[in-house]
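Below is one structure, written out as structure tokens; the observations come after it.
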Number of protein chains: 2
Amino acid sequence: MTRSTKSKGPNPIPSVWAREQRRTDQPALSRDAIVREAIAMLDAEGIEALSMRKLGARLNAGATSLYRHVATKDELMELAVDEVTAEIHVPPAGGPDWRAAVTEAAGSFRTTALRHPWLTLVLGQAGLAYLGPNYMSFSERLAALFTAAGFPEPSRAIETLFSYVIGMSNAEAAWLTTVARSGETEADFIARLMPAAQRAAADHAHLAIPHTEVEEATTDPAALRDMKFAYGLEVVLDGLALRLPRKGR
Amino acid sequence: MTRSTKSKGPNPIPSVWAREQRRTDQPALSRDAIVREAIAMLDAEGIEALSMRKLGARLNAGATSLYRHVATKDELMELAVDEVTAEIHVPPAGGPDWRAAVTEAAGSFRTTALRHPWLTLVLGQAGLAYLGPNYMSFSERLAALFTAAGFPEPSRAIETLFSYVIGMSNAEAAWLTTVARSGETEADFIARLMPAAQRAAADHAHLAIPHTEVEEATTDPAALRDMKFAYGLEVVLDGLALRLPRKGR
DNA sequence: TCCGCTGTGCGTACAGTGTTCGCATCGAAG
DNA sequence: CTTCGATGCGAACACTGTACGCACAGCGGA
């Protein structure tokens, strides 16, 4: 008994009293808490800053403890995607103005994608597997909307529209991520890069940037982005409207 | 001299003769060779299988030797993107049928993106920096095409169209990557997953998959994808055509 | 012929990553 | 009180991108 107490253990003094109580102030480790914190980290620090160790640290837990609630990091990302999908608002089907409803849904997707700039990246990385409940109900509501609008092949129309919406949102999110990393405001960032951009475009006859656009980009870049998105959205909606069997306008 | 020859060195016998000649059979290490091999690896093994060590090994070189020709892995990816961009064919501006020309350019982008399924991922990851020469000339040719077609704001039209094209291609590329990882043919993969998909859609009234589509998906899935892409492309082009000042049809 | 220089390859090392394994500890059930 | 399943976690493994400094090849000039 008087043998040296193998002092290699986690506690220098192997006494029950020296050991700290289990912390119950923190809301404990649970799948939901993990996903919530992961989303917060992704939003704040970007997609490549999220590591299981850092996430564990923020939850006052060891890195490997997370694996009791989540099979793998990829699965965690799927859960995060599904969680965030719930933020997208799709108006109920059957309203009088299908274009307004679809515009609302598309805009809601965009603002969600810009609030969580990693969303479209993760969505694009895995071609499948996103059959989470929130994602399913999002799809269902969209399908209902387009069916009620009278589209003979609603899934085609949805695929077309959201290819545009996702593509555009993804580009915007990537841009905003770059801006955020620079630490400057968007307008300052643009102003600083403009000379280089114009020098690069100098050799190409058709790439000149009109003065009015330079003006707006350095004044209210967010408004310019809003307008660009709205423009493309109208284009796609116009094209889709032509597929409507008469009278749907 | 009879002391034990510190056998920790790279060569067991530290003799000039034991050392192997510098290999000159291999075409030497150069930036171009590195980029070419990187693209080959990306195409064959996917984006997350590319590591500097494996790439070095394939070039009969040490991992860190690559850094003499390439500043960082991100830079290497930019170079790969630009290299691959040269494969996209954009018809010359001023032809009689702008729709056919734009359709050709969009289709060429798509096939390139499907041949290199990592393209859209990398494109989306960095919002900027892709001002490589090939990418610039690609943009220039597109701008020329849309300007000649008579669009008052060609950059808006291009942005709209390619948001759709990139969004759609990205989704397809991700899907094909998933299929490839399964080791099955696309049709088999679909057939195996269909029951699960239908079970998942059972609770949602508007998500049923029409029988004709199930039929085609399990028979000639590539043709179905072609058709979906073409459908959305026509939609967008119809919408764009409405912005043409009269007579452009 | 020799010297130094510059460009190139690379072995070693560092700080990180996702994930596995086995041990310690807990609350609840028998 | 004992037993058991669930949970936390330290250590370890096989990787990753990349900085650093040494070794050496070829070359221009003395």
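Protein chains get the first letters and strands the later ones, always in sequence-line order, with residue 1 at the start of each. What you see is a predicted model, and the numbers here were worked out from it, not measured in a lab.
Atom pair Lys54(B):NZ and dA14(D):P shows a separation of 15 Å (rounding to whole Å applied). At whole-Å resolution of the value, CD in Glu48(A) and C1' in dT17(C) are 13 Å apart. Atom pair Met52(A):CE and dT20(C):P shows a separation of 10 Å (rounding to whole Å applied). A straight line from CZ of Arg68(A) to C1' of dC9(D) spans 9 Å, rounded to a whole angstrom. Rounded to whole angstrom, the span from the CG atom of Asp74(A) across to the P atom of dT19(C) amounts to 7 Å. One atom, CG of Asn60(B), and another, C1' of dC10(C), lie 14 Å apart when rounded to the nearest Å. One interatomic measurement links the two molecules: CD of Glu75(A) to C1' of dT19(C), which rounds to 14 Å at whole-angstrom precision. Look at CE on Met77(B): it is 14 Å from C1' on dT16(D), rounded to the nearest Å.
Residue contacts shown for Leu76(B) are absent, as no nucleic acid heavy atom lies under 4.0 Å away. As judged by a 4.0 angstrom heavy-atom cut-off over every strand, Ala61(A) is placed among residues touching the sugar-phosphate backbone only. Using a 4.0 Å heavy-atom distance criterion, Ser51(A) is classed as a sugar-phosphate-only contact. Note on Leu66(A): nothing from the nucleic acid sits closer than 4.0 angstrom, heavy atoms only.
The closest side-chain donor-acceptor pair between Thr85(A) and Asn134(A), if any, does not fall under 3.5 angstrom.
Phosphate proximity of dA6(D) to His69(A): absent, as no side-chain N or O sits under 4.0 Å from OP1 or OP2. The shortest distance between the side-chain N/O atoms of Thr72(A) and the OP1/OP2 oxygens of dT19(C) is below 4.0 Å.
Between the side chain of Arg53(B) and the base of dG17(D), at least one donor-acceptor pair of N or O atoms lies under 3.5 Å. Looking at Thr64(B), its side chain has no donor and acceptor atom pair within 3.5 Å of the base of dG9(C).
Here the straight-line distance linking atom CD1 of Ile209(A) with atom CE of Met194(A) works out to 5.0 Å at 0.5 Å rounding.
The only option from Leu42(B), Leu123(B), Thr177(B) that meets the side-chain contact (heavy atoms from CB on, under 4.5 Å) definition with Trp118(B) turns out to be Leu42(B).
Without hydrogens or angle criteria, Thr160(A) side chain to Arg156(A) main chain gives a donor-acceptor distance under 3.5 Å.
Ring pair Phe162(B)/Phe138(B) is perpendicular by interplanar angle, where above 60° counts as perpendicular and below 30° as parallel.
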